[in-house]
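In the text below, chain A, chain B and the rest are named by the order of the sequence lines, each starting its count at 1. This one's a predicted model, so the numbers in the text were calculated from it and none came from an experiment.
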There are 2 protein chains.
Amino acid sequence: MAKRAAPYHHGDLRRALLAAALALLDEGGVDAVTIRAVARRTGVTHAAPANHFRDREALLTALAAEIFTKLSALISKRLEKAGGSRDARIRVFADAAIDFGLRHPHRFRLIWRRDSLDGADDALNRAMDGIYDRLVAELAAGRGRAAVSADTQAIGLWSMVHGYVCMRLDGNLVSKADEATGEPRRKAIVTAFLDGIGGGAKK
Amino acid sequence: MAKRAAPYHHGDLRRALLAAALALLDEGGVDAVTIRAVARRTGVTHAAPANHFRDREALLTALAAEIFTKLSALISKRLEKAGGSRDARIRVFADAAIDFGLRHPHRFRLIWRRDSLDGADDALNRAMDGIYDRLVAELAAGRGRAAVSADTQAIGLWSMVHGYVCMRLDGNLVSKADEATGEPRRKAIVTAFLDGIGGGAKK
DNA sequence: ACTCAATCTTGACGGTGTCAATATAAAATG
DNA sequence: CATTTTATATTGACACCGTCAAGATTGAGT
C-alpha cells in the first residue's frame with residue numbers, strides 16, 4: 001500500500017515530474033514544458049514519464065490542476081482576512097486573480113489555455129468549478145436590487161478579470177498606467193463593473 | 001512594379017499561403033497550422049514559405065492581422081446600421097466580438113494568443129488598436145456622470161467580452177443557458193456591466 | 001543578350017511526441 | 001524463502017516538425 005507515498009523505483013516520480021514541469025514553465029513558458037525536457041531535468045530517460053502521464057496534454061493538465069488549487073488556496077486565505085462588506089469580498093476575487101496572473105504569467109496562461117489541456121479531466125474541472133461556485137456564493141449574499149442574477153454577475157466579473165490580465169501580460173495597456181498606482185486601471189475596472197458604465201445617474 | 005499583384009513563380013504565393021493557413025486553422029486549430037502543412041496544401045515544397053515568412057511566428061502573425069482586419073470590418077458594418085443610442089452602440093462592439101468568437105473559435109483563439117505571435121508587428125498592432133480606439137470613442141460620447149474614464153470602461157468591457165467567449169469556447173457555461181435565448185447570459189453580462197453589480201439602488 | 005536578384009527545390013540537422021520491445025526491481029503469492 | 005506477477009524505467013525507432021545551407025530556376029532591369 002501507500003502507492004502514492006513511495007512508489008517503486010524513483011521514490012515519487014510523478015511528483016518530481018510535476019515539480020520539474022512547474023520550474024520549466026516558470027522559466028520558459030508553456031513551450032518549454034516538453035516531455036523530454038521534464039524527463040531530463042528529473043534525471044530519467046525520455047520515455048519514463050509515459051508511465052505517469054498518458055501524453056503531454058495529460059502532463060499539462062495535471063500541472064494546471066495543481067496550479068488551480070494553489071490559486072484557490074490564495075483566494076481562501078484572503079477571504080478569511082476580508083471584512084464583511086460585499087464589495088470588499090468581491091474585490092478579493094478580482095484582486096487575487098489579477099495578482100496571481102501578474103505574478104506568474106506562464107502559470108496563468110497555462111491554466112486558461114484550455115485547448116492545450118484535457119477538458120474532460122476531473123481534477124481540473126473540480127478545481128475550476130470550486131472557485132466559480134464560491135464567487136457566486138459571495139455575489140448572491142446580500143446583493144441589492146440588481147437586474148441580473150448572481151450567476152450572471154459571476155460570469156461577467158470573472159470574464160473581465162481574465163481578459164484584463166491577458167491584456168496586461170500581452171503589454172497592451174502600458175501607455176495607460178495611472179499616476180497614482182502605476183497600474184493601468186486595475187482597481188478602476190472593478191469599480192466600473194460595480195457601479196456600471198451606462199449613462200444612468202450614479203450614486 | 002506591382003510586386004504584390006503578380007510575383008515571380010507562383011502567382012501570389014504569399015496570399016495563397018495565407019489562404020491555406022486560414023483553412024487549416026479553421027479545420028484543425030492553431031496546432032494544425034504548421035509551415036509544412038501549409039506548404040503541402042499550397043502545392044509547394046516545405047521550404048518555400050521561408051521566402052515570405054521569416055518563421056512560423058511570422059506566418060501566424062500575418063494571419064492574425066488579417067483576421068483582426070476582418071473583425072474590424074464586421075464592427076464597422078454593424079455600427080453603420082446601429083442607432084444613436086449610446087448603450088446600443090456599445091452593445092454592437094460586445095455583440096460583434098462575441099458573434100465572431102463563437103462563429104470562428106480557432107480564429108478567435110489565434111488572435112488573442114499573443115505569446116505565439118510577434119508582438120512587435122506593425123500590422124497586427126494597428127489592427128488591434130484601431131478597434132480599441134473606436135470603442136473608446138463610442139464610450140466617451142455622451143456618457144453620464146460615470147465614476148471612471150472612457151478608457152477604463154473600454155478596458156473593462158473588452159476584457160469581459162474576451163473572457164466570456166473564452167469560457168463559452170471551453171464549454172464552461174453549458175449548464176447555464178437561458179431558456180429564452182438558449183445562450184448562457186450573453187446579453188445579461190453586458191446589461192450587468194451597463195447597470196453595475198454593486199449593492200447600490202438600481203434605476 | 002546579359003546580369004542580377006528574387007524565388008523555389010533539395011537535402012540535411014537536431015528537436016519533438018509517441019510507440020514497441022526489453023530490462024529491472026518491487027510486491028504479491030506460494 | 002522462492003516464484004510469479006506487476007509496475008516501473010530503458011533503449012531504440014519512427015514520423016513529424018522548424019530551420020538552415022546550397023543549388024536550380026525564373027522573372028526583371030539594363
Side-chain angles (χ1 to χ4, degrees), chain A residues 1-21 23-25 27-64 106 110 113 115-118 121, chain B residues 1-21 23-25 27-64 106 110 113 115-118 121:
Chain A
M1 52 210 57
K3 261 181 180 172
R4 275 296 142 70
Y8 305 80
H9 299 64
H10 175 278
D12 194 346
L13 184 55
R14 187 190 157 90
R15 185 188 305 277
L17 290 172
L18 281 175
L24 285 168
L25 175 67
E27 290 168 13
V30 182
D31 290 345
V33 185
T34 77
I35 286 191
R36 290 170 111 104
V38 169
R40 264 194 305 271
R41 196 184 184 103
T42 312
V44 295
T45 54
H46 65 266
N51 292 300
H52 303 274
F53 303 101
R54 185 173 12 91
D55 50 18
R56 193 176 107 104
E57 185 184 273
L59 170 64
L60 291 178
T61 300
L63 187 56
H106 298 307
L110 170 67
R113 193 148 142 186
D115 53 340
S116 305
L117 305 178
D118 178 7
D121 187 81
Chain B
M1 51 210 59
K3 261 182 179 172
R4 275 295 144 69
Y8 305 81
H9 301 65
H10 174 279
D12 195 345
L13 183 55
R14 187 191 155 91
R15 187 188 304 276
L17 290 172
L18 281 175
L24 286 168
L25 175 68
E27 291 168 13
V30 181
D31 290 345
V33 185
T34 75
I35 287 192
R36 290 171 111 104
V38 170
R40 264 194 307 269
R41 194 183 187 105
T42 313
V44 294
T45 54
H46 64 265
N51 292 299
H52 302 274
F53 302 101
R54 186 173 9 92
D55 49 20
R56 191 174 109 104
E57 186 184 271
L59 169 64
L60 291 178
T61 300
L63 186 56
H106 297 307
L110 170 67
R113 193 148 138 184
D115 53 340
S116 304
L117 305 178
D118 179 8
D121 187 80

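- Defining each end axis of the helix from dA1(C)-dT30(D) to dG30(C)-dC1(D) as the rotation carrying four pairs' C1' atoms onto the next four, with five pairs an end, the two axes are found to diverge by 10° to 10 degrees.
- Looking only at side-chain heavy atoms (C-beta outward), Phe53(A) and Leu18(A) come within less than 4.5 Å of each other.
- Atom-to-atom, CG of Asp31(B) to C1' of dT16(C) comes out at 13 Å; the value is rounded to the nearest Å.
- Arg36(A) pairs by the side chain to side chain donor-acceptor pair (under 3.5 Å) definition with nothing, not counting sequence neighbours.
- Atom pair Phe53(B):CZ and dC8(C):P shows a separation of 11 Å (rounding to whole Å applied).
- Atom-to-atom, NE2 of His52(B) to C1' of dT19(D) comes out at 17 Å; the value is rounded to the nearest Å.
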Nucleotide N/O to protein N/O under 3.5 Å, stretch nucleotides 17-20 of chain C:
unit_1	atom_1	unit_2	atom_2	d
dG17(C)	OP1	Ile35(A)	N	2.9
dG17(C)	OP2	Ile35(A)	N	3.4
dG17(C)	OP2	Arg36(A)	N	3.2
dG17(C)	N7	Arg36(A)	NH1	2.6
dG17(C)	O6	Arg36(A)	NH1	3.2
dT18(C)	OP2	Arg56(A)	N	3.0
dT18(C)	O4	Arg36(A)	NH1	3.1

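- Under the side chain to side chain contact (heavy atoms under 4.5 Å, CB included) criterion, Ala37(B) pairs with Leu24(B), Thr34(B), Arg40(B), sequence neighbours left out.
- With sequence neighbours left out, the salt bridge (charged side-chain N to carboxylate O under 4.0 Å, His left out) criterion links Arg113(A) to Asp115(B).
- Asp55(B) meets the side chain to side chain contact (heavy atoms under 4.5 Å, CB included) test with Glu57(B), Ala58(B); sequence neighbours excluded.
- No hydrogens or angles were tested; on distance alone, a donor-acceptor pair under 3.5 Å links the side chain of Asn51(A) to the base of dA9(D).
- Between Leu13(A) atom CG and dA25(C) atom P there is a gap of 16 Å when expressed in whole angstrom units.
- When the side chain to side chain contact (heavy atoms under 4.5 Å, CB included) test is applied to Ala23(A), the partners found at least two apart in sequence or on another chain are Glu27(A), Arg41(A).
- Partners of Arg54(B) according to the side chain to side chain donor-acceptor pair (under 3.5 Å) rule, which considers only residues two or more places apart in sequence or in another chain, do not exist here.
- When the side chain to side chain contact (heavy atoms under 4.5 Å, CB included) test is applied to Ala50(A), no partner is found at least two apart in sequence or on another chain.
- Going from atom CZ of Arg40(A) over to atom P of dG14(C) covers 14 Å, rounded to whole Å.
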